[in-house]
**Q** 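If you scroll down you'll find the structure; I have some questions about it.
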There are 2 protein chains.
Amino acid sequence: MLNNYSTEDKVLLAVDCIIFGFDEESLKILLIKRDFEPEKGKWSLIGGFLKKEETLDIAAIRILNHLTGFQDIYMEQLYTFSKVDRDPVERTISTAYYALINIAEHDKELIQKYSAKWFDIAEAPKLIFDHDEMLDKAIKRLRYRASTKPIGFELLPQKFTMRQLQKLYEAILAEKLDKRNFINRINSFDVLVKLNEKDMKSSRKGSYLYMFDKNRYDKKVLNGFTFKI
Amino acid sequence: MLNNYSTEDKVLLAVDCIIFGFDEESLKILLIKRDFEPEKGKWSLIGGFLKKEETLDIAAIRILNHLTGFQDIYMEQLYTFSKVDRDPVERTISTAYYALINIAEHDKELIQKYSAKWFDIAEAPKLIFDHDEMLDKAIKRLRYRASTKPIGFELLPQKFTMRQLQKLYEAILAEKLDKRNFINRINSFDVLVKLNEKDMKSSRKGSYLYMFDKNRYDKKVLNGFTFKI
DNA sequence: ACAAAAGTGTTATTTCTACACCCATGC
DNA sequence: GCATGGGTGTAGAAATAACACTTTTGT
């Protein structure tokens, strides 16, 4: 006997993306104003539906790329939300992903076309459906992941200052960090390259730029190193 | 305009459960021998399909209860697996859950009826579809969760010895722990109650039994305590 | 009396935390 | 010359890791 599953229920499977960015001061998320019912005019995560021939990862990439034009974005699957009435139109399950993008480099035109807007995570409006719950979980996951894997760099330009990196971690972890302890720890990891180049925007003195050396990091991981902030 | 999603693809959504148990020596998982095609006769996680009127959590509980007769089981959603050809019969997405159960207390009859069997995680057979990947992820998640939240107790009888607890953590973390350091740490948490009762099975001398005091733990959490092994 | 597991504290090492002053530059 | 943010090291505290002998009791 071959089980063909024909008596089982089928459902709509959505993908919603929490898109994080960082603007030198605070952690932001990208939201769009819904232009269709239900909840037209309210703020929402970007989302779409899984197509039959796609994996969830591919769908998340497609949906994100459609809005931002971005390729090669750090994404991670977060959780699958399944409250029965979460979408009033029809039974829909949604798998949430979060993405980290470098605000400075993203495609502003596309974002404007979709009336998307960056919000400080502390000042985000109420979102539709269960998107607030998704955001909440995404922030927690980001906090854990960023203190355990060197993913923070995804939110910064390729070249960044120590101060930017510190501010980023302060924004993610929502706590102040000691400047000297932070720098000492980062340096102890030995995964940054200090450039002979300064960023002159932030101060008269200027501050040295650094780059993350992924190769060096990967090699260290093979030897048992773990990143831990 | 109301978007009724009618042009979107619908898919089958399965739920698969990684059921962990502990037998005083090693961490085990419960597997069943599939009695239908495809892959009939091979070992598999237990699973089923989400019904339209259920959440994933409820579906996972239903599926688990159906096999084990158990209620009140610790479960956590793990990840949603969506490779396009993961199930050769039909496009199926699967959300995996893992569960922790106390082997000694579970319903043996039901398990036998479904030709389920406990396997040491180190000796588990190759599983169908992407179930090996699920298992792998579940072990990693369990490792993290158990070192961060007091969920290990779910795998033990209500009354247990320090030595059982230590062996459990050694099995989960897959590393030897120092007996004195382990006991000192556990005691420093102050969330166990030492009973005036000994387990005499393990040695001539007998060893004291303990119980986890969930109330005390919850109160401590409110005051900022975090469990960390 | 001896085998087998239970129980028990101290010290050295490592990691973490707190903390303050000089530097370079543009105005 | 002064205001602004950048850069740098150390010492005390806390947490972790290493380590060995005595106890109990059934045989």
Side-chain angles (χ1 to χ4, degrees), chain A residues 23-26 146-148 156-157 159-171 173-211 220 223-229, chain B residues 22-26 143 146-148 156-157 159-171 173-211 220 223-229:
Chain A
D23 73 346
E24 311 276 304
E25 281 305 327
S26 52
S147 60
T148 273
L156 293 175
K159 300 174 182 184
F160 51 85
T161 67
M162 277 290 181
R163 185 39 62 94
Q164 282 177 294
L165 188 62
Q166 184 183 343
K167 280 191 175 152
L168 169 63
Y169 274 95
E170 289 180 336
L173 303 174
E175 62 184 90
K176 279 268 162 220
L177 300 173
D178 178 89
K179 179 166 55 160
R180 276 179 290 190
N181 292 342
F182 181 79
I183 292 174
N184 287 162
R185 172 168 301 166
I186 295 289
N187 282 334
S188 76
F189 296 157
D190 187 35
V191 294
L192 295 192
V193 180
K194 185 175 189 171
L195 305 176
N196 266 328
E197 198 180 334
K198 284 188 165 189
D199 172 86
M200 301 306 294
K201 272 166 274 157
S202 61
S203 74
R204 328 238 161 184
K205 187 179 176 181
S207 58
Y208 282 105
L209 290 164
Y210 292 79
M211 287 177 71
K220 296 194 73 162
N223 295 323
F225 166 76
T226 52
F227 185 92
K228 189 85 197 80
I229 285 190
Chain B
F22 179 68
D23 72 346
E24 311 276 305
E25 281 305 326
S26 53
R143 239 164 235 169
S147 60
T148 272
L156 293 175
K159 301 175 182 183
F160 51 85
T161 67
M162 278 291 182
R163 183 41 60 95
Q164 282 177 296
L165 188 62
Q166 185 184 342
K167 279 191 176 153
L168 169 63
Y169 274 95
E170 290 180 337
L173 302 174
E175 62 183 86
K176 278 268 163 219
L177 301 174
D178 179 89
K179 180 167 53 161
R180 277 178 290 189
N181 291 341
F182 181 78
I183 292 174
N184 288 161
R185 172 168 300 166
I186 295 288
N187 282 333
S188 76
F189 295 159
D190 187 34
V191 294
L192 294 193
V193 179
K194 185 176 189 171
L195 305 176
N196 266 330
E197 199 180 335
K198 284 188 165 190
D199 172 86
M200 300 307 293
K201 272 167 276 158
S202 62
S203 73
R204 324 252 143 118
K205 187 180 177 181
S207 58
Y208 281 105
L209 289 165
Y210 292 79
M211 286 178 70
K220 295 194 74 162
N223 295 323
F225 167 76
T226 51
F227 185 93
K228 190 85 198 79
I229 287 191

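Just so it is clear: chains get the letters A, B, ... in the order the sequence lines come, proteins before strands, and each one is counted from 1. Only heavy atoms go into these numbers, but all of them, side chains included; no hydrogens, no water, no symmetry mates. Bear in mind that the values here come from a model prediction, so they are computed numbers and not experimental data.
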**Q** Does A:K194 make a cation-pi contact with A:Y210 (under 6.0 Å, within 45 degrees of the axis)?
**A**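 No, A:K194 does not sit over the ring of A:Y210.
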**Q** Separation of A:L177 atom CG from C:dT17 atom P, in whole Å?
**A**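 Atom CG in A:L177 sits about 10 Å away from atom P in C:dT17.
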**Q** Return yes if the base of C:dC19 and the side-chain atoms of A:D178 contain a donor-acceptor N/O pair under 3.5 Å, otherwise no.
**A**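 Side chain to base: pair present.
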**Q** Just the rounded figure in Å: distance from P of C:dT25 to CZ of A:R204.
**A**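 My rounded result for the distance is 13 Å.
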**Q** Can you say whether the rings of B:F225 and B:F189 are parallel (under 30°), tilted (30 to 60°) or perpendicular (over 60°)?
**A**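 Perpendicular.
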**Q** Could you tell me the separation between the CZ atom of A:F189 and the C1' atom of C:dT15, rounded to a whole number of Å?
**A**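 Atom-to-atom, A:F189 to C:dT15, this comes out as 12 Å.
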**Q** What is the separation between atom CG on A:N181 and atom C1' on C:dT15, rounded to the nearest whole Å?
**A**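 The answer, rounded to whole Å, is 11 Å.
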**Q** With DNA chain C as reference, determine whether A:R185 or B:Y210 sits nearer its 5' end, using the nearest nucleotide of each.
**A**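 This one resolves to B:Y210.
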**Q** Check the distance between C:dA24's C1' and A:K198's NZ and give it to me in whole angstrom.
**A**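 Result: 7 Å.
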**Q** Figure out the CZ/P separation between A:F182 and C:dA18, and round it to whole Å.
**A**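 It is 16 Å, rounded to the nearest whole Å.
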**Q** In terms of heavy-atom contacts, does OH of A:Y169 have more than 12 from other residues, nucleotides or ligands at under 6.0 Å?
**A**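 Yes, OH of A:Y169 has more than 12 neighbouring heavy atoms, counting only those of other groups under 6.0 Å.
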**Q** Between B:Y208 and A:G206, which is nearer to the 5' end of DNA chain C once each is assigned its nearest nucleotide?
**A**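 Here B:Y208 is the residue nearer the 5' end.
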**Q** If each of A:T161 and B:N184 is mapped to the nucleotide of DNA chain D with the nearest heavy atom, which maps nearer the 5' terminus, i.e. the 5' end?
**A**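 Closer to the 5' end of DNA chain D: A:T161.
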**Q** Nearest whole Å is fine: how far is C:dT15 C1' from A:K228 NZ?
**A**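 So the NZ-C1' distance, A:K228 to C:dT15, works out to 13 Å.
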**Q** Go through C:dA5, D:dG7, D:dG5 for me and flag the one nearest to the A:S203 side chain.
**A**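 Side chain of A:S203 sits closest to D:dG5.
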**Q** So for atom NZ, which belongs to B:K220, do other residues, nucleotides or ligands contribute more than 12 heavy atoms lying within a distance under 6.0 Å?
**A**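 Yes.
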